[in-house]
Amino acid sequence: MQYIEPVGAQGPANDFGHDYVDKNAGLGIAGSFLAADVPEHVQIELLNAIVAAGLTPAGANLKQLAQAIQSGKSTYVVATGTANAWTVAPNLAVPAYAAGRVLNIIAPATNTSTSVTVDVSTLGGRPLKKSDGSDPQVGDLVSGRVYATIDDGTNIRVLTMLPSDRLAQPYLGFHGDPVSLAIPNNVQTLVSSYTGIINNLPGATQSGGVIVIGTTGFYQVTANMASLLADYPVAYGASISVSIVNGSNAPIQSIASTPIEVTASSLTSSRAAAASGIAKLAAGTRIAAFFAQNKGASQNVSISLDAEFRGS
Amino acid sequence: MREFELSADDVSALDLPLPVLAHCIFIPANGKNRDRLIAFDAAAAEAVEEAVTSVVQGAVEPQLKENT
């Protein structure tokens, strides 16, 4: 569309030509005349926007330009083609590739290559990249999903995060490697050491097997017991738990425990049992793993402990 | 609260009644401490001490240690 200059009298220059002026007989100014192109071009321009939105021009509806803008039709397209070479034909053809153009595209198939191209309005294949400009990973672009894209002048970038953009979550947990302990008969035994410890719980400290919670939140705790007959011959009345302890390390509230004791019949060979639970623990809370058995004599057992921060 | 330096075998050999043991925990030796039986109240501590002194003098020689 071009600016159509007034016919006859002209006003001051504007950005595109000269202003139209009104007739003023008193000042001896003749008014401007409209060229035929003015009403014609304006109507055609508006009608093209309406038709490109998939609407049928109707004289009784004077909101069609607004409805055309609202429709988003010119930026929405269902791609065809193949998994790694998309063909995109918007209702309003894109005249040339240029930076800044946005298209919402539904993928025709899940990509099987890191090299994916998009041919928009038969302008030729343009590389499809992730938001950071790198290639998508195989399977990043899933059949039938809609992707908001923008042309950066060289590539077409997907604006949203793709599966390969997900960051690995840091391990916010405590892990105590299994320790072999001699457990006396009939008394709760605090697991006071581990052969190796990883402590990434936020703000937490550990001493003597007791973890002092540093950040209020939800914690999943799991204690595992292994009984290998040769080395750790636990066979009677074994139970494990994880409990909140008081300042004297006495258990005052169980967070997790084995549902029933492990008996000789259920632990006749190499066996393991676990106690697991989730609890909201306040900063400063002390927790520890406990083991008990009632064989009638001391038994050896291997015990490990995990506690993972699950969020506040 | 009192601590008794007793091994797992020592504790098992004492054969303390469950009501007493319910007021105790056993803490195996770690880098800082030896095996310990912790009695949380005076009654349990007294029962443990009586058992220690009455069972096989000499065979089990636990060291009694007042907890500070």
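Reminder, nothing fancy here: chain letters follow the sequence lines and each chain counts from 1. As the structure is a prediction and not an experimental result, all values here were calculated from the model.
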Selection from A:P251, A:A297, A:A250 maximising heavy-atom pairs under 4.5 Å formed with chain B: A:A250

Quick check on B:A22 against chain A: is it the side chain, the backbone, both or neither that has a heavy atom closer than 4.5 Å? neither

Taking every non-hydrogen pair under 4.5 Å, which of A:I183, A:N186, A:N249 racks up the most with chain B? A:N186

Part of B:L37 within contact of chain A (heavy atom distance under 4.5 Å): side chain

May I ask you to decide if A:S298's main-chain N or O and B:S12's side chain share a donor-acceptor pair within less than 3.5 Å? yes

Hey, does the side chain of A:S193 reach the backbone of B:N30 with a donor-acceptor pair shorter than 3.5 angstrom? no

Looking at B:D9, B:L16, B:I27, B:V11, which makes the most heavy-atom pairs under 4.5 Å with chain A? B:D9

Closest non-hydrogen contact found for B:F26 with A:A182 is CE2-O, 3.7 Å

What's the spacing between B:D15 CG and A:N185 CG if we round to 0.5 Å? 7.5 Å

Within the side chain of A:S192, is there an N or O that forms a donor-acceptor pair under 3.5 Å with the backbone of B:P28? yes

Side chain to side chain contact (heavy atoms under 4.5 Å, CB included) assessment of B:I25 paired with A:F290: CA-CA 9 Å; B:I25 64 167; A:F290 287 84; 4.1 Å; yes

